[in-house]
A.B. asks: 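I'd like to ask some things about the structure below.
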Number of protein chains: 2
Amino acid sequence: MKLNSVDISKTASASSIVFDALRKAIIEGDVKEGEPLRQDEIARLFNTSRIPVREAISRLEEQGLVKTQRYKGAVVSGLSQTEAEEIFDFRALIEPEVIRRAVPLMSQETLERARESWTAFSTSSEPMRWGELNRDFHATLYRASGLQYHLDIIDNAMDRVDRYLRAQLVMSNGMQRANEEHIAIWEACVNGNAAQAADLTRQHITGARESLMQNINGLR
Amino acid sequence: MKLNSVDISKTASASSIVFDALRKAIIEGDVKEGEPLRQDEIARLFNTSRIPVREAISRLEEQGLVKTQRYKGAVVSGLSQTEAEEIFDFRALIEPEVIRRAVPLMSQETLERARESWTAFSTSSEPMRWGELNRDFHATLYRASGLQYHLDIIDNAMDRVDRYLRAQLVMSNGMQRANEEHIAIWEACVNGNAAQAADLTRQHITGARESLMQNINGLR
DNA sequence: CTATTTCATATTGGATCCAATTTACAATAT
DNA sequence: ATATTGTAAATTGGATCCAATATGAAATAG
């Protein structure tokens, strides 16, 4: 039998919709650290009962994005300076290795998409989108490695520091500097120079770390 | 006012009890990969409703220990050989760095506890406990680093490969070899030789990886 | 007899209800 | 006025119920 099949994309579960929305709101800083997540309020916002909301909160807690106390509910977790530094250390350890392994596997299409990402990043005038475009650029290159577990872990690390990173991008010349570094990383990838791409990525991350640590007091 | 206060340790929530129990059962291999987790059955086992069970399953999924399909429920996730290799690669990258930073911070008490761990490991005749004692040993040393985020990530990586690692320990001379390597790592720590401890840890992990890859077909 | 369809059963997703606990605030005593 | 106590409201944790979907077996057509 031949038939134009339509992807009857099963609507996502309420729980996953709420999870995605809350995660996005947290990493973008729309709900501030320390702010409580009221189950009833969220349930009303999404026209659901509290059950899917609680499942979403359980998942957020497992991701470290919220902390819950019994009978007191969940609050958005923040990072101490020490904790933020630790996550940057972690990223500086793992991301260079991932891009090093990704470079020999990058297709023309990957490089083209990455170029579009840094172009969009460098020309965007909406600070609200910088964080997203920045992540797109790196994720596109990393994805070529095929290392799904590493990619997931990097996503989690990014989720936790994203708020602070975004604040960093709009301050001083963070945006311009990030842009120049993106181009350098991209060129190393185009040239197939894995070691250099790894080294530039490491510098990109430790540089962000240093500049964040200098300004962190002003951010909180 | 003086009074002998008793810590009225609030009993943990049903959801967290179920989560801990399921996690333990999965990493110890008591529920095999591919096996479905029936909400009703689990709820009966713990004398609760399905609500806490579902929250526990949500968290397990976020940890990557189960996979769920809508209206079909959750099954214990397994690892392909490629995925297992990737996780060992990850561990070989991060654990040496953690122990390297931990060595200068190790107290006498830490070293003593680690010695007790490898002693217990080497003298235990219960294969069912080897996996636990092995983790104890490494966790004790890593914990001295104070790098909580790294420790959490390592725990997750261990959770995913624990089943296969345990199977590995009982095969061939995996147990004896692990034991010798533990002693060597421990001695490097006692001597304050961070670089050597890191290098031995890396070899310990890549060695386990190699031997697991040779036997993986027999394990599945 | 085999393949397809129908329909009852099992299972999960979500809503509503009740219990346990915390929180906010008024009432009271010092 | 301040601190303490008592109480009602708010909030979360959990149980029960209903809806949506999947599964498997019986019925039926070829």
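Labels below follow one simple rule: chain letters A, B, ... track the order of the sequence lines, proteins then strands, and each chain is numbered from 1.
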A.B. asks: Are any side-chain N or O atoms of B/Lys67 and backbone N or O atoms of B/Gly64, one a donor and one an acceptor, separated by less than 3.5 Å?
C.D. replies: no

A.B. asks: Compare the minimum distances between each of C/dG14, D/dG14, D/dT23 and the side chain of A/Ser49, then state the nucleotide with the smallest one.
C.D. replies: C/dG14

A.B. asks: Let me know the distance between CZ of A/Arg44 and P of D/dT12, rounded to the nearest Å.
C.D. replies: 11 Å

A.B. asks: Figure out the CZ/P separation between A/Arg70 and D/dT12, and round it to whole Å.
C.D. replies: 14 Å

A.B. asks: Of B/Asp40 and A/Pro52, whose nearest nucleotide on DNA chain C comes first from the 5' end?
C.D. replies: B/Asp40

A.B. asks: From the options C/dT23, D/dT16, C/dG13, select the nucleotide whose nearest atom is closest to the side chain of B/Ile51.
C.D. replies: D/dT16

A.B. asks: Which pair of non-hydrogen atoms, one from A/Met158 and one from A/Arg91, has the smallest distance, and what is that distance?
C.D. replies: SD-CZ, 3.2 Å

A.B. asks: Using OP1 and OP2 only, check whether a side-chain N or O of B/Gln69 sits under 4.0 Å from D/dA22.
C.D. replies: no

A.B. asks: Any carboxylate oxygen within less than 4.0 angstrom of a Lys/Arg side-chain nitrogen, looking at A/Glu132 and A/Arg135?
C.D. replies: no

A.B. asks: Over how many whole Å does the gap from A/Gln39 atom CD to C/dT21 atom P extend?
C.D. replies: 16 Å

A.B. asks: Whole-Å distance between C/dG13 P and A/Phe19 CZ?
C.D. replies: 16 Å

A.B. asks: Under 4.0 Å between any heavy atoms, over every strand shown, what does B/Thr48 touch: base, sugar-phosphate, or nothing? Just pick one.
C.D. replies: sugar-phosphate

A.B. asks: B/Met106 and B/Ala144: which non-hydrogen atoms are nearest, and at how many Å?
C.D. replies: CG-CB, 3.8 Å

A.B. asks: For A/Glu41 and D/dT11, what is the distance between atoms CD and C1' respectively, to the nearest whole Å?
C.D. replies: 12 Å

A.B. asks: Going by modelled atom types, is there a donor-acceptor pair between the base of C/dG14 and the side chain of A/Arg54 at under 3.5 Å?
C.D. replies: no

A.B. asks: Using a 4.0 Å heavy-atom cut-off across all strands, classify A/Leu37 as base, sugar-phosphate, or nothing.
C.D. replies: sugar-phosphate

A.B. asks: Nearest-Å distance, CZ (A/Phe46) to P (C/dG13)?
C.D. replies: 19 Å

A.B. asks: In whole angstrom, what separates B/Tyr71's OH from D/dT23's C1'?
C.D. replies: 15 Å

A.B. asks: Kindly indicate whether the side chain of B/Arg50 and the base of D/dG14 share any N or O donor-acceptor pair separated by less than 3.5 Å?
C.D. replies: no

A.B. asks: Find the distance B/Glu55:CD to D/dA15:C1' and express it as a whole number of Å.
C.D. replies: 13 Å

A.B. asks: Report the relative orientation of the aromatic rings in A/Phe121 and A/His182; use parallel for angles under 30°, tilted for 30 to 60°, perpendicular for over 60°.
C.D. replies: tilted

